[in-house]
Amino acid sequence: MKIILTFVITFLLSLAAWGQEVDDGDELLNRPSDRTYDIILESGYLKVGVYRDFPPYSYEQDGEPRGIDVELGKLIAKEMGVEFRVHWIIPDEELGDDLRNNVWKGHYLDKQRLADVMMRVPYDKQYAYMQDSTGEYINEQVVLFGPYQQETWQIAYDPAMLDAVDTVAVFQYHAIGVEIDTLPDFYFSSALGGRMRNQVRHYPNVKAAFEAMRQGEVRAVMGMRAEIHHELAQPENEGFVAAQNGFPGLVKQVWDVGMAIKHTHRQLGYAIEAIVNRLVTEGALNDLFGGMDLAYSVPGYYRSFLSEEAVARAEGQE
């Protein structure tokens with residue numbers, strides 16, 4: 001009996017050492033590992049989930065992960081005293097699928113492949129507490145936390161072809177490039193009673209839309225501000241400029257970006273949240289964005305309780 005007990009204890013300890021990678025004997029049925037905060041520290045690494053091929057947030061360059069979310073993940077891992085490990089996410093049809101496949105359950109073809117924390121998740125209470133037709137919370141398996149950036153929409157245009165973009169109404173007469181099946185796509189296809197629909201040109205991503213602008217196919221491009229600024233910083237796009245217009249009829253023009261963890265891993269969330277809070281308020285994230293030629297805005301979450309002076313310091317304005 002003592003021999004059996006010793007074997008069981010040794011086996012359980014080995015599971016903890018390997019982050020509880022439980023093998024059920026069938027690759028399709030293996031349970032995802034339960035990497036709690038203590039197990040992460042014991043394992044010596046943090047698996048940070050970021051989207052693949054999504055510059056400037058996360059992408060691969062010369063075989064190495066790059067981007068804002070990657071660098072923030074590295075800072076978090078360093079503060080925790082562990083190694084950073086990238087967990088690439090290929091987007092599914094909707095955010096709920098990405099959360100399920102990468103945070104709490106795992107994909108049915110690879111259930112053990114989970115991130116400890118997932119970046120670039122909208123920090124939105126309405127989404128967090130969304131209910132289905134039976135009244136059940138759709139996102140009850142995850143916790144959305146740690147807002148670290150405020151994002152918005154942005155237009156860049158070719159001043160050689162357009163004098164200015166004071167209003168989006170100009171795109172009733174001039175072509176604009178958008179990433180297909182995104183909010184800019186839907187916006188320009190329906191806003192102003194659909195009068196801009198025929199001027200919308202679709203591309204697989206913002207980078208391709210900028211290439212089309214260089215070729216003269218479109219006069220402007222709309223995307224998320226960081227995407228637009230990232231492209232404007234490229235030498236081949238030096239002749240293009242950012243517009244200052246708003247987007248009438250677009251309900252969500254500004255939003256906070258945060259992270260997600262499995263609902264049972266709140267201790268990990270508290271630890272990461274404390275780190276992010278310090279990085280935001282001390283201006284480290286502003287420095288990180290500035291080092292990549294990107295503009296940084298403090299999330300609205302912090303604006304609700306920080307003074308104007310504190311927000312200005314966090315954005316490097318003092």
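Sequential numbering from 1 along the given sequence is applied to the chain's residues. In what follows, every heavy atom counts, from backbone to side chain, and hydrogens, waters and symmetry copies are set aside.
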Exercise for review: Only pairs at least two apart or in different chains count here, so list each ring pair (Phe, Tyr, Trp, His ring centres under 6.0 Å) that has a residue in residues 195-243.
Suggested key: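 Applying ring pair (Phe, Tyr, Trp, His ring centres under 6.0 Å) to every pair that reaches into residues 195-243, excluding sequence neighbours, yields nothing.
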Listed partners of [X] passing side-chain hydrogen bond (donor to acceptor under 3.5 Å, both in side chains), at least two apart:
X	result
Q141	H263
R214	N237
T36	none
Q154	none

For the side chain of [X] and the backbone of [Y], is there at least one donor-acceptor N/O pair under 3.5 Å apart?
X	Y	value
T152	Q253	yes
D124	Q126	yes
R303	V298	yes
S58	V70	no
Q199	M196	no
Y148	R120	yes
K207	E231	no

How long is the span from the [atom1] atom in [X] to the [atom2] atom in [Y], to the nearest 0.5 Å?
X	Y	atom1	atom2	answer
E227	E179	CD	CD	6.5 Å
S297	L285	OG	CG	12.0 Å
Y59	R52	OH	CZ	14.5 Å
L144	D256	CG	CG	12.0 Å

Practice item. Report the residue from Y187, F188, F247 that forms a ring pair (Phe, Tyr, Trp, His ring centres under 6.0 Å) with F171. Key: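 So the option named by the test is F188.
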With the side chain counted from C-beta on, respond yes when [X] and [Y] share a heavy-atom pair under 4.5 Å apart, and no when they do not.
X	Y	answer
R219	Y157	no
F54	D69	no
I176	V218	no

In residues 77-91, what donor-acceptor pairs under 3.5 Å come from side-chain atoms, sequence neighbours left out?
from : atom 1 : to   : atom 2 : distance (Å)
E79  : OE1    : R278 : NH2    : 2.5
H87  : NE2    : N102 : OD1    : 2.9
H87  : NE2    : R113 : NH1    : 3.3

Practice item. Fit a plane to each ring of F305 and Y301, take the angle between them on a 0 to 90° scale, and name the class: parallel (under 30°), tilted (30 to 60°) or perpendicular (over 60°). Key: perpendicular
Practice item. Give a yes or no on whether a salt bridge exists between R100 and D92, defined as a side-chain N under 4.0 angstrom from a carboxylate O. Key: no
Exercise for review: Validate the cation-pi geometry between R35 and Y45: distance from NZ or CZ to the six-membered ring centre under 6.0 Å, angle to the ring axis within 45°.
Suggested key: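 So R35 does make the cation-pi contact.
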